[in-house]
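Report on the following structure.
Just so it is clear: chains get the letters A, B, ... in the order the sequence lines come, proteins before strands, and each one is counted from 1. Note that this is a predicted model, so its numbers are computed, not measured.
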Number of protein chains: 2
Amino acid sequence: MDMAVVPSSATGGRRVPGVRGTGGPPRRLSREDWITGALEAIAAGGLAAVAVEPVAARLGATKGSFYWHFANREELLTAALLVWEQRGTAEVIDELEAIADPALRLRALFARAFGATVTGSVEAALLADAPSPLVAPVLERVTQRRLEYLERIYSALGQPAPQARGRAVLAYTTYLGLFSLRRAAPTAVTEKGLSAALEQFLASPPEAGGTPSEE
Amino acid sequence: MDMAVVPSSATGGRRVPGVRGTGGPPRRLSREDWITGALEAIAAGGLAAVAVEPVAARLGATKGSFYWHFANREELLTAALLVWEQRGTAEVIDELEAIADPALRLRALFARAFGATVTGSVEAALLADAPSPLVAPVLERVTQRRLEYLERIYSALGQPAPQARGRAVLAYTTYLGLFSLRRAAPTAVTEKGLSAALEQFLASPPEAGGTPSEE
DNA sequence: GGCGTTCCATACGGTGCCGTATGGAGATGA
DNA sequence: TCATCTCCATACGGCACCGTATGGAACGCC
């Protein structure tokens with residue numbers, strides 16, 4: 001679900017910005033460069049870490065550059081969140097749609113989701129900053145879309161609507177919980193535990209049939 | 001005689017601080033008052049909201065008071081986190097130990113946990129600030145203790161050790177996930193979903209016995 | 001090689017917070 | 001009543017960041 005923080009903006013072989021600090025010949029920055037810098041800052045320290053001057057320093061520039069591309073800090077944040085939202089929805093789902101079999105698709109989804117790392121993750125940082133009025137609507141949309149998508153897969157697997165919804169929510173709750181648990185007590189998250197959770201949400205529900213079948 | 005308009009400080013029922021702002025006669029603050037104020041600030045806006053001057057204003061005092069009771073901001077944070085940790089471990093567990101039957105105890109625990117509200121919760125805020133070096137160790141200890149406690153209950157219910165651990169981690173993960181989900185998409189957390197999750201972790205595990213018994 | 005446009009560095013004022021210094025008020029005991 | 005200890009308000013300097021103003025460098029175009 002999460003993504004690597006931004007592939008740099010196709011500059012042939014040229015010197016990418018971002019810590020161009022020492023030695024690099026000064027290059028001009030694009031709006032996208034700043035968005036990339038903002039997303040990196042978010043991954044590193046949350047919204048609060050997106051401060052104009054520090055990000056500028058990291059990009060090897062100054063505020064003068066920033067305020068030419070953006071009206072203010074909030075505009076940068078909004079733009080960065082928009083980019084994250086679009087990538088987080090389109091990309092992942094498109095990639096999974098390539099898999100025809102719903103069961104395999106679900107497995108691929110979980111493998112990707114539960115394998116995501118926390119440190120340096122934009123998603124983890126945004127979850128932490130969820131109460132922010134800038135983040136809240138973005139997070140809400142992304143979450144709803146993911147839940148609907150999960151529900152659709154469960155439905156395709158033959159679950160009736162209410163159960164499909166319930167299992168989707170429960171699975172996603174576990175996904176979110178793993179983010180928190182990894183930060184709260186990293187040692188508690190074991191490989192065994194992960195695969196157990198994975199099987200849990202891949203198998204048919206316990207309350208549906210009589211005997212729990214192992215797939 | 002300093003007969004002021006307002007009744008002097010010897011008026012039986014003492015005037016508690018905290019928003020004593022308008023009209024209240026100035027009262028002296030204790031170290032505990034500041035810790036309470038800090039915890040309220042954390043619940044409202046996380047660690048970042050614990051700023052000396054704003055908290056002082058909310059308590060109807062100034063920095064002068066604060067820096068007499070504490071060396072600096074960090075000392076206040078540490079003290080507040082310690083109080084939270086002690087309350088979070090001792091109190092809850094003691095209360096639950098009163099219940100003899102492990103099954104009922106587990107139910108009471110989940111009812112309490114899943115019913116917890118998020119808004120204004122110190123716990124939710126600390127989870128968001130988990131990466132902070134001040135919060136991390138506290139959160140880690142609390143999490144480990146809770147996991148061990150959960151595991152013990154599952155063991156008392158007859159689960160073999162590995163399963164008990166696994167179910168404890170999974171249940172706690174769901175608990176944490178609900179915090180995130182409530183903030184990310186509040187409408188997705190329904191009463192039905194909650195009770196479904198609850199039954200899930202109260203019933204015997206699908207892979208252990210043959211038929212899932214409804215308690 | 002001049003010229004306009006694009007982009008940016010520097011300097012500046014403003015704000016919110018931290019921590020210190022200091023004088024003084026309020027309680028307390030002799 | 002006076003001396004002392006406890007607690008606190010105010011004033012001050014410093015830091016990090018925001019946003020503005022302005023002059024000038026880099027670049028595209030003719």
So, the side chain of A/Arg73 versus the backbone of A/Val50: is there a donor-acceptor pair under 3.5 Å, distance only? yes

Look only at the side chain of A/Glu75 and the backbone of A/Ala71, and say whether a donor-acceptor pair between them is shorter than 3.5 Å. yes

Ranking D/dT6, C/dC7, C/dC17 by distance to the side chain of B/Ala51, first place goes to C/dC17

If I take atom CZ in residue B/Arg27 and atom C1' in nucleotide C/dG26, what distance separates them, rounded to the nearest angstrom? 14 Å

In whole angstrom, give the distance that lies between atom CZ of B/Phe66 and atom P of D/dC8. 12 Å

Measure the distance from CD on A/Glu32 to P on C/dC7 and round it to the nearest whole Å. 11 Å

Rounded distance in Å - CD (A/Glu75) to P (D/dT20): 12 Å

Closer than 3.5 angstrom, by distance alone: can the side chain of B/Arg183 be matched with the main-chain N or O of A/Leu127 as a donor-acceptor pair? yes

State which of D/dA9, D/dC17, C/dC18 makes the closest approach to the side chain of B/Thr62. D/dA9

Value in whole Å for how far the C1' atom of D/dC7 lies from CG of B/Leu59: 15 Å

Between B/Phe70 (CZ) and C/dT20 (C1'), how many Å, whole number? 18 Å

Go nucleotide by nucleotide along DNA chain C from the 5' end; which of A/Glu53 and B/Val50 gets its closest nucleotide reached first? A/Glu53

Which nucleotide in the list C/dA25, C/dC18, D/dA26 gets nearest to the side chain of B/Arg28? C/dA25

Minimum-distance nucleotide to A/Tyr67 side chain [options: D/dT20, C/dC8, C/dC17]: D/dT20

Please walk me through it: do A/Leu126 and A/Val138 pass side-chain contact (heavy atoms from CB on, under 4.5 Å)? CA-CA 9 Å; A/Leu126 292 185; A/Val138 176; 5.6 Å; no

Tell me the interatomic distance from A/Asp33, atom CG, to C/dC8, atom C1', rounded to whole angstroms. 14 Å

Without hydrogens or angle criteria, can the side chains of A/Asp33 and A/Ser30 be said to hold a donor-acceptor pair below 3.5 Å? yes

A/His69 vs C/dT6: side-chain N/O to OP1/OP2 distance below 4.0 Å: no

If I take atom CH2 in residue A/Trp68 and atom P in nucleotide D/dA26, what distance separates them, rounded to the nearest angstrom? 17 Å

Could you work out which one of D/dC18, C/dC8, C/dC18 sits closest to the side chain of A/Arg73? D/dC18

